[in-house]
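When reading the values below, keep in mind they use all heavy atoms of this one structure, side chains included, and skip hydrogens, waters and symmetry mates. Because the structure is a prediction, the values reported are computed rather than measured. We name chains A, B, ... by the order of the sequence lines, and we start the count at 1 in each one.
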Amino acid sequence: MTSGSINSETMLSEKLAVQDDQQLMLAIVNGSKEAFTILASRYTGQIIKFAYRYVGSRSDAEDVAQEAMIRLWRHAASWEPQGYSLRSWIYRITYNLCIDEIRKRKPVSELKYDNQAVAEGQPDSDVYQEQKDFMLNAALNELPERQRTAINLCVYQALSNQDAADTMGVSVEALESLLSRARRKLRKDIMNKS
Amino acid sequence: MTAKTAKLISPERVKKLFECYGSNPDAWPSDEKVSALSLIQHSGELRELQLETAKFDKILKETDVLKDFGITVDQGFVNKIVEALPNQDVKPNPQFRNRASQDKKSFFDLNRSMGALAASVAIMAITLSIVTLKPENAEPVSTVATANIELDVWMWEQVVGESVDDSEDPLTMLGLLELEEI
């Protein structure tokens, strides 16, 4: 390989790295694996974290993320910039895969609070914080799946309301209804439990 | 995506924003943010409500079970995905590349029972019009053969919105309208 070709490859990589999602997708539609690598580096971490909330283990979440990115590659030509944002498209693929996965097996259910931590003599403040965390996460797990997903997308994944609505395949009004019901229930459950 | 125009909202809507999205203006719809902030600035009640909402937001964020979950991705994992990439699908019919516009189905979409019913009614109407409107001195032509061809052409034009090239089979092209669900 000549230094000239190495330089032009480096320049292409640098050029791709600063391109926005739309530009990268246009390159991916034309078969650019380099553009795909950059896009995957941008999004894979987020969707692993998102998938983890449904499948409960890092390795399973990585499997879901890998499948989501492969589907994005295969169906790249179906995406149009005037339609859904790329972000919501990726999340939608991931969300559908997560739902399929949890339907195949027993869902990740209640967190079990480990009394061992108390027995091992943790400082009281740490134990108190753990109990609070446990209460909220138990309350989150008790939400209906659609409400929990709305909270996951808007609060923890920080998607815009439009992207979250597109991910779930609902209107923004429907998303707002899910969010307000979820937040109301969480507040009530946390107050009851505490 | 085009930027939304800022819109004026009511104090009730501000309360709804707190209820749905929390106290952080960055989480609110972008076109309502300016109006909401202005209303909050001039209302003690809204300011108090925002502070109250912020306390709950803090609990929600801080007790995120994955807040320390690393989101830096091992490049080796990404490379593994790239190595496993299959062939890409061929580009679908450009008329239906937009998933948003895909939802606007034609009334005569044969995938729906109502669409099939509408198509049946259309077939009958066309056949009837050909039979009743045929000029007396016109050459006798098989109405069934004519109706089929005319229906294909007409349906193609309705569904796809473009004229049929005589060299292409409309029914084959109609088959391309079914996109693979992801």
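Checking A:Lys33, A:Arg74, A:Met69 one by one against B:Leu85, the side chain to side chain contact (heavy atoms under 4.5 Å, CB included) holds for a single residue, A:Lys33.
Scanning both residues, A:Arg183 and B:Gly22, for their nearest heavy atoms gives NH2-CA, 3.3 Å. Here the closest non-hydrogen pair linking B:Val78 and A:Ala40 is CG1-CB, 3.9 Å. In terms of heavy atoms, A:Val29 sits closest to B:Gln88 at O-OE1, 3.8 Å. The two residues B:Pro29 and A:Asn161 have their closest heavy-atom pair at CG-ND2, 3.4 Å.
Of the two parts of A:Glu67, neither the backbone nor the side chain holds a non-hydrogen atom closer than 4.5 Å to a non-hydrogen atom of chain B. Only the backbone of B:Asn87 has a heavy atom closer than 4.5 Å to any heavy atom of chain A. Residue contact with chain B, scored on non-hydrogen atoms closer than 4.5 Å, involves the backbone and the side chain of A:Ile28 alike. Interface remark: A:Ser160 contributes no atoms to any contact with chain B (heavy atom separation under 4.5 Å).
A:Ile48 is listed as a side-chain neighbour of B:Phe77, based on a closest heavy-atom distance under 4.5 Å. With contacts defined as side-chain heavy-atom distances shorter than 4.5 Å, the pair A:Glu34/B:Val82 does not qualify. In this structure the side chain of A:Tyr156 reaches within 4.5 angstrom of the side chain of B:Leu60, judged on heavy atoms.
Counting non-hydrogen atoms of other residues, nucleotides and ligands closer than 6.0 Å to CG of B:Leu37 gives a total above 12. A 6.0 Å sphere centred on CD of B:Glu45 holds no more than 12 heavy atoms belonging to other residues, nucleotides or ligands. Environment of CD in A:Glu145: crowded, with over 12 heavy atoms of neighbouring residues, nucleotides or ligands closer than 6.0 Å.
Hydrophobic clustering (ILVMFWY, side-chain heavy atoms < 4.5 Å, transitive): B:Leu39 and B:Val34 are in distinct clusters. Linking Ile, Leu, Val, Met, Phe, Trp and Tyr whenever their side-chain heavy atoms come within less than 4.5 Å leaves A:Leu39 and A:Leu26 in two separate clusters. Each of B:Leu8 and B:Leu46 belongs to its own hydrophobic cluster when Ile, Leu, Val, Met, Phe, Trp and Tyr are linked at side-chain heavy-atom distances under 4.5 angstrom.
Put simply, CD on A:Glu62 and CD1 on B:Ile81 are 8.5 Å apart, with the number rounded to the nearest 0.5 Å.
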Run the salt bridge (charged side-chain N to carboxylate O under 4.0 Å, His left out) test on A:Arg184 and B:Glu19 for me, step by step, so that the C-alpha distance in whole Å, both residues' side-chain angles and the decisive distance to 0.1 Å come before the verdict. CA-CA 8 Å; A:Arg184 211 176 308 134; B:Glu19 221 177 86; 3.7 Å; yes
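Chosen from A:Leu178, A:Leu140, A:Val155, A:Leu175, the residue pairing most often with chain B at heavy-atom distances under 4.5 Å is A:Val155.
Applying the ring-ring contact (aromatic ring centres under 6.0 Å, His included) test to B:Tyr21 and every residue at least two apart in sequence or in another chain returns nothing.
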